[in-house]
2 protein chains.
Amino acid sequence: MEEILSGLLLELRRGSIVLAVLSQLEKPVYGYYLVNLLSKSGVPVEVNTLYPLLRRLEGQGVLESKWETSGSKPRKYYALTQMGSQVYFSLKKNWLALVKSIELLMEGTDNG
Amino acid sequence: MEEILSGLLLELRRGSIVLAVLSQLEKPVYGYYLVNLLSKSGVPVEVNTLYPLLRRLEGQGVLESKWETSGSKPRKYYALTQMGSQVYFSLKKNWLALVKSIELLMEGTDNG
DNA sequence: AGATAATACTGTGCATCACACTATATGTCA
DNA sequence: TGACATATAGTGTGATGCACAGTATTATCT
């Protein structure tokens, strides 16, 4: 049962990860920092999940990146492109609607 | 951009589908009916997505089914098992927490 | 110097969805 | 009657994305 639950939880989290990530990228942020930030915020993401995600989003034109090599360690900062902002806005709107729909569906179900 | 957005929306929906489905299965319901119900409720699911999902959940012991052949057309009714109820409860709790976390993360981001 | 942390990339396997197709029974309309 | 749509359920394939594990580099702590 634990396994089944954790599998479903995994699935549950999936789509939301993108939203959580985008929500933090109005200002440039580097990956490793984002991992810690999100973990503290209740949306834990593994590094090995985040890096490919960031690259994918960059490839899609949602994010843009630039290397910052002046510090002690080279860091790659990601931020929303203009199109990315639009995508985020639309995604956010849809997500809020989805959440509301599901809350309505769940209303009155208090098992346990 | 449309394509990218719809891809992300797809992802966004994924995990939530299970939750929406489980929320309606405290009483036995058949698949086709569920599709229409969920669509009306703002969580559209394709038949070809729902049927395998139901079967998967049954295979995992979350749901149980029984055929109803007395009507005009044979229908397969699904409902939560006892364990399924526990899974649903736990999933629901986690989902609510996740939603809250993401809402906090998104707070103050009003682009568009 | 050695271990650990910070930082980023890549490759493989698995799970899941969308899409398309099959299949049957019951209506509906020409 | 025949053609078509709808209700109802199943299966199979392709694409996609995550988790997991591994690699690589540089700094910091011991």
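Every chain is numbered from 1, with letters handed out A, B, ... down the list of sequences. What you see below is based on every heavy atom in this structure, not just the backbone, and it leaves out hydrogens, waters and symmetry mates.
As judged by a 4.0 angstrom heavy-atom cut-off over every strand, B:I17 is placed among residues making no nucleic acid contact.
For B:R56, the salt bridge (charged side-chain N to carboxylate O under 4.0 Å, His left out) test picks out A:E11, with sequence neighbours left out.
With rounding to whole Å, B:L9 atom CG is found 12 Å from C:dA18 atom P. Taking atom CD on B:E68 and atom P on C:dA25, their separation rounds to 17 Å, with Å as the unit. Nucleotide D:dT16 holds its C1' atom 13 Å from the CG atom of A:L57, rounded to whole Å. Whole-Å rounding puts the A:I4 CD1 to C:dC14 P distance at 19 Å. Nucleotide D:dA15 holds its P atom 15 Å from the CD atom of B:E3, rounded to whole Å. The CG atom of A:L34 sits 12 Å away from the P atom of C:dT7 (whole-angstrom rounding).
Side-chain atoms of B:Y88 and B:L19, non-hydrogen and from C-beta on, do get closer than 4.5 Å to each other. Here the side chains of B:Y78 and B:E58 are in contact, with some heavy-atom distance below 4.5 Å. The side-chain heavy atoms of B:E103 and A:W95, taken from C-beta on, include a pair separated by under 4.5 Å. By the 4.5 Å heavy-atom criterion applied to side chains, A:L22 and A:L57 are counted as neighbours.
Using modelled atom types, one side-chain atom of B:T81 and one backbone atom of B:G61 make a donor-acceptor pair closer than 3.5 Å.
Dashed line: the shortest gap from a side-chain N or O of B:R13 to OP1 or OP2 of C:dC17 is not under 4.0 Å.
Closest to the side chain of B:R14, out of C:dT16, D:dC20, D:dA19, is C:dT16.
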B/S/- contact track for nucleotides 4-11 of chain D, protein heavy atom under 4.0 Å: ---SBBBB
